[in-house]
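Shown next, in structure tokens, is the structure this report addresses.
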2 protein chains.
Amino acid sequence: MISVCFDGFWIVKEANVMDDLSGPAGPLYQQVYDAVMARIISGELAPGVMLPSEFDLAAQYAVSQGTARKALSKLELSGLVERHQGKGTFVATTTDETSLFHFFRLRQSDGAQVIPQLVSETVRKRPANAREAAALGLAARASVFEVMRVRSINDAVVCAEQSVLDVVKFPGLKDRGGLPNALYPLYQRNYGITIARADEQLRAVAVPEAVASLLALAVNTPVMEVERRAIGISGGVTEFRLSYYLTQNLHYAVSLR
Amino acid sequence: MISVCFDGFWIVKEANVMDDLSGPAGPLYQQVYDAVMARIISGELAPGVMLPSEFDLAAQYAVSQGTARKALSKLELSGLVERHQGKGTFVATTTDETSLFHFFRLRQSDGAQVIPQLVSETVRKRPANAREAAALGLAARASVFEVMRVRSINDAVVCAEQSVLDVVKFPGLKDRGGLPNALYPLYQRNYGITIARADEQLRAVAVPEAVASLLALAVNTPVMEVERRAIGISGGVTEFRLSYYLTQNLHYAVSLR
DNA sequence: AAGTGGTCTAGACCACAAA
DNA sequence: TTGTGGTCTAGACCACTTT
């Protein structure tokens with residue numbers, strides 16, 4: 001087979017996603033990235049669903065396969081999709097394992113990962129306090145669900161967690177009973193909300209009275225207070241969580257770079 | 001101009017870095033990445049130095065410009081080089097700003113970045129204890145430099161840091177006097193050691209006696225204990241650091257994803 | 001065998017920075 | 001004007017998975 005290529009001639013540009021002249025534009029691969037991300041956020045491409053192949057995507061947005069590929073690679077880097085050679089590209093799903101591994105930072109002294117067990121759990125509906133309302137972007141005293149949980153590791157009670165959620169985004173949460181160990185897969189599976197990242201603020205404090213009685217601790221025991229804002233892929237704070245960790249035999253592990 | 005391309009014929013493969021048949025091989029771009037990284041680690045490409053252009057690098061390793069580009073992009077992602085359109089690619093330098101921003105995690109309540117001031121500093125040479133020797137991979141009671149520093153923010157003393165270093169890797173450190181606010185740029189500039197990342201272990205503890213007197217704290221004050229292992233680009237633990245942070249008005253900030 | 005992602009090439013054009 | 005990195009294309013071949 002022989003193919004002939006004429007170089008040096010002006011090639012008429014084909015119509016593509018860049019030509020709509022609306023929005024901020026940018027590189028083609030970025031526009032494809034944005035378009036696919038919008039389809040994921042909208043729910044059109046739900047977690048676990050297979051994306052169009054590189055060639056299909058390229059055809060849909062009138063770009064070359066290489067450009068579609070770059071958009072997909074960037075989506076993978078952002079953690080929104082997973083790619084598997086020979087199988088395809090899939091919208092990322094939040095599993096118990098990844099959720100606990102990425103978002104539960106308590107480790108044993110030797111650095112080993114440990115899986116916390118649930119000791120007790122109560123869910124109730126109440127008005128948000130000022131701090132919670134501000135964090136979640138709600139009106140003062142708006143209704144929220146409060147999930148209060150106590151967890152243990154190796155039969156030793158090690159933490160108390162209070163998660164606060166907007167009742168509007170999580171209808172019926174209170175009546176589900178027995179929530180799973182990891183909450184984020186539940187948010188995704190049952191409410192279509194995917195947690196992309198979480199910002200935490202850590203302090204060493206003397207254990208508050210309420211927590212001391214809950215965990216059976218002596219007054220003045222030093223504990224780690226962790227204030228978490230969990231952020232969804234569309235950008236807003238979805239969950240506000242206040243936790244207290246006992247760090248006698250465990251530590252909170254971070255890697256900086 | 002007309003160019004003619006014959007497809008379907010076997011093209012004789014040109015010699016390239018893949019053909020030495022030694023080592024673990026892998027994709028070409030990975031081999032270029034490894035080769036350039038080795039040149040950076042060896043010091044042949046020192047921090048701040050400009051790398052060969054994409055085309056020069058492609059010629060050196062007998063690959064296409066696109067493949068060299070992919071290797072450089074991966075180096076940039078690893079933080080080993082910085083790329084600037086129109087200027088070139090440069091081996092990354094550790095500056096005071098990046099060092100303090102990435103590795104000093106204390107923030108104000110409103111999340112604002114703060115720059116700590118040095119209050120006092122002592123450097124001495126002593127034998128390593130068991131924990132330090134193990135962390136640094138040294139023989140028991142090997143000689144180390146201990147840098148003890150107290151820092152303040154807004155005129156309030158907030159932390160005590162003890163950094164421990166192998167005397168062999170940092171000759172003459174004790175006699176330098178007045179060390180800079182950020183140590184990592186010094187390691188790079190004067191000892192050719194670039195810190196790539198740091199692993200930290202956090203605990204809430206009652207302030208140890210020695211630290212209490214140093215920071216003028218009441219006994220039993222809860223403080224955050226941070227154990228840090230700073231790791232160089234060649235992989236080994238370069239610095240072992242034990243810090244105590246006062247978190248009354250500040251917090252340790254982390255972003256998980 | 002067909003379809004997918006992964007690697008690689010050769011070439012074009014654009015945007016930016018410095019001489 | 002020259003050289004650099006940044007984007008984009010068209011095509012080839014490879015490796016892996018499923019039918």
Side-chain angles (χ1 to χ4, degrees), chain A residues 1-19 25-34 36 49-59 61-77 81-92, chain B residues 1-19 25-34 36 49-59 61-77 81-92:
Chain A
M1 190 209 300
I2 297 178
S3 67
V4 182
C5 327
F6 294 79
D7 292 339
F9 285 70
W10 283 105
I11 304 297
V12 176
K13 194 136 191 305
E14 301 294 334
N16 64 36
V17 71
M18 197 173 185
D19 296 337
L28 289 184
Y29 74 84
Q30 182 62 50
Q31 298 177 42
V32 175
Y33 172 96
D34 291 340
V36 174
V49 165
M50 183 176 170
L51 266 64
S53 75
E54 296 180 349
F55 281 97
D56 288 351
L57 214 55
Y61 293 102
V63 298
S64 75
Q65 176 261 351
T67 301
R69 178 174 183 74
K70 178 148 186 175
L72 290 174
S73 296
K74 195 171 176 188
L75 283 165
E76 183 181 33
L77 202 69
V81 305
E82 291 173 6
R83 316 193 72 190
H84 301 284
Q85 190 174 24
K87 295 207 285 189
T89 301
F90 303 83
V91 180
Chain B
M1 187 208 301
I2 298 179
S3 67
V4 182
C5 324
F6 294 80
D7 292 338
F9 284 69
W10 282 105
I11 304 298
V12 176
K13 194 134 192 305
E14 301 294 335
N16 63 36
V17 70
M18 198 174 186
D19 297 338
L28 289 183
Y29 73 85
Q30 182 62 49
Q31 299 177 43
V32 175
Y33 172 96
D34 291 340
V36 174
V49 165
M50 183 175 168
L51 265 65
S53 75
E54 298 180 349
F55 282 97
D56 289 352
L57 213 56
Y61 293 101
V63 298
S64 75
Q65 176 261 352
T67 301
R69 179 176 182 74
K70 178 146 187 176
L72 290 174
S73 295
K74 194 171 176 187
L75 283 165
E76 184 182 31
L77 203 67
V81 305
E82 291 174 6
R83 316 193 72 191
H84 301 283
Q85 190 175 30
K87 294 206 288 189
T89 302
F90 304 83
V91 181

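Below, chains carry the letters A, B, ... as their sequence lines are ordered, and counting in each starts from 1. Note that this is a predicted model, so its numbers are computed, not measured.
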Nearest to the side chain of B/L28, heavy atoms from C-beta on, is which of C/dC8, D/dT4, D/dC8?
C/dC8
Please determine whether a side-chain nitrogen or oxygen atom of B/R83 lies at a distance below 4.0 Å from atom OP1 or OP2 of D/dT4.
no
Take the protein atom CD of A/E54 and the nucleotide atom P of C/dA2, then report the distance between them rounded to whole Å.
20 Å
Using the side-chain heavy atoms of A/K87, tell me which of these nucleotides is nearest: C/dT7, D/dT9, D/dT17.
D/dT17
Measuring to OP1 and OP2 of C/dT4, would you say a side-chain N or O of A/T89 lies under 4.0 angstrom away?
no
Qualifying residue for side-chain contact (heavy atoms from CB on, under 4.5 Å) with A/V81, from A/E76, A/K74, A/M50:
A/E76
Could you tell me whether B/E82 and B/K87 have a side-chain N and a carboxylate O separated by less than 4.0 Å?
no
When you check the phosphate oxygens OP1 and OP2 of C/dC8, does a side-chain N or O of B/Y29 lie under 4.0 Å from one of them?
no
For A/L72 and C/dT4, what is the distance between atoms CG and P respectively, to the nearest whole Å?
12 Å
Could you give the angle between the helix axes at the two ends of the helix from C/dA1-D/dT18 to C/dA18-D/dT1, with five pairs per end, rounded to 10 degrees?
10°
Taken to the nearest whole Å, CZ/B/F90 to C1'/C/dA17 is 10 Å
Which listed nucleotide (D/dT9, C/dT4, C/dG6) is nearest to the side chain of A/M50?
C/dT4
Are any side-chain N or O atoms of A/Q31 and backbone N or O atoms of A/G26, one a donor and one an acceptor, separated by less than 3.5 Å?
yes
Distance check needed: C/dC16 C1' versus B/E82 CD, whole Å only.
17 Å
Does B/T67 put a side-chain nitrogen or oxygen below 4.0 Å from OP1 or OP2 of C/dT9?
yes
When you match B/G86 and B/K70 each to their closest nucleotide on DNA chain C, which lands nearer the 5' end?
B/K70
A/Q65 atom CD is separated from D/dC13 atom P, nearest whole Å, by 15 Å
Between OG of B/S64 and NZ of B/K70, what distance do you get to the nearest 0.5 Å?
11.5 Å
Ignoring backbone atoms, establish whether A/R69 has a side-chain N or O less than 4.0 Å from OP1 or OP2 of C/dG6.
yes
What integer distance in Å separates A/D56:CG from C/dA2:P?
17 Å
Earlier contact from the 5' end, DNA chain C, for B/F55 and B/A68:
B/A68
Given A/V63, A/L72, A/T89, the one that forms side-chain contact (heavy atoms from CB on, under 4.5 Å) with A/L57:
A/L72
Of all heavy-atom pairs between A/F90 and A/L51, which one has the smallest distance, and what is that distance?
C-CD1, 4.3 Å
Could you state the interatomic distance from CZ (B/R83) to OG (B/S73), rounded to the nearest 0.5 Å?
5.0 Å
Can you measure B/H84 atom NE2 to C/dA15 atom C1' for me and round it to whole angstrom units?
16 Å
